[in-house]
Amino acid sequence: MRGRAPSAALPSTVEITSATVQRGDVIQVGGRACRVSDLCQLPHGAKQLLFETGELLTIHGRTRLVAMRMPRRR
């Protein structure tokens, strides 16, 4: 009897805003893929994103970006 082989979870492309961005999202900035490691809430719905590389990106409350997101494990 054979068991099922573990399936590789594929990332999905999602549109994110300051309200929906999550740790682990991968955003392409300047042609480089940057993974969000931490978030900081700012006034007026803005957020400051800290990437694993140590770089910061501040997004306005109405900013829309495309990110790659891995599905959550159940």
Side-chain angles (χ1 to χ4, degrees):
M1 184 173 185
R2 291 184 186 180
R4 280 192 167 184
S7 62
L10 297 174
S12 59
T13 303
V14 294
E15 183 179 86
I16 61 169
T17 65
S18 64
T20 61
V21 65
Q22 298 177 2
R23 286 179 182 89
D25 285 350
V26 178
I27 303 168
Q28 196 151 28
V29 180
R32 293 179 38 206
C34 300
R35 184 178 307 274
V36 178
S37 65
D38 201 10
L39 308 163
C40 180
Q41 183 69 47
L42 298 174
H44 308 293
K47 280 200 179 151
Q48 190 174 55
L49 312 179
L50 174 64
F51 297 119
E52 289 180 342
T53 58
E55 297 168 304
L56 295 171
L57 175 68
T58 303
I59 59 175
H60 186 272
R62 290 181 281 188
T63 301
R64 297 195 184 290
L65 300 169
V66 175
M68 298 297 287
R69 184 176 287 167
M70 293 298 290
R72 298 286 180 210
R73 294 184 184 188
R74 295 180 201 178

- dist Gln28:CD -> Met68:CE (nearest 0.5 Å) comes out at 10.0 Å
- Message: Same cluster or not: Val21 versus Phe51, using hydrophobic residues (I, L, V, M, F, W, Y) connected whenever any side-chain heavy atoms lie under 4.5 Å apart?
- Response: yes
- Task: Can you see which heavy atom on Gly45 is nearest to which on Ser18, and at what distance?
- Result: O-OG, 2.6 Å
- Query: Yes or no on salt bridge (Lys or Arg N to Asp or Glu O under 4.0 Å) for Asp25 and Arg35, after CA distance, side-chain angles and deciding distance?
  - Reply: CA-CA 6 Å; Asp25 285 350; Arg35 184 178 307 274; over 6 Å; no
- Query: Quick one: does His44's side chain have a donor or acceptor within less than 3.5 Å of a partner on Ala46's backbone?
  - Reply: no
- Query: Is a side-chain donor or acceptor of Ser37 paired with a backbone partner of Leu50 at a separation under 3.5 angstrom?
  - Reply: yes
- Worked verdict on Arg32 versus Glu55 for salt bridge (Lys or Arg N to Asp or Glu O under 4.0 Å): CA-CA 12 Å; Arg32 293 179 38 206; Glu55 297 168 304; 3.4 Å; yes
- Message: Check for me, please, whether Leu57 and Val36 land in the same ILVMFWY cluster - side-chain distances under 4.5 Å, paths through other members count.
- Response: yes
- Task: Side-chain contact test, heavy atoms from C-beta onward, threshold under 4.5 Å: evaluate it for Asp38 versus Arg23 and give yes or no.
- Result: yes
- Message: How long is the straight-line distance from CD1 of Ile59 back to CD of Gln48, given to the nearest 0.5 Å?
- Response: 10.5 Å
- Item | Heavy-atom side-chain contact between Leu49 and Leu56 under 4.5 Å | no
- Task: Take Thr13 and Val66 through the test side-chain contact (heavy atoms from CB on, under 4.5 Å) and record every step on the way to the result.
- Result: CA-CA 7 Å; Thr13 303; Val66 175; 3.2 Å; yes
- Message: According to a hydrophobic-cluster definition based on side-chain heavy atoms being under 4.5 Å apart (Ile, Leu, Val, Met, Phe, Trp, Tyr only), do Leu65 and Met70 belong together?
- Response: no
- Determine whether Ile16 and Ile27 make a side-chain contact, defined as any pair of heavy atoms from C-beta on separated by less than 4.5 Å. yes
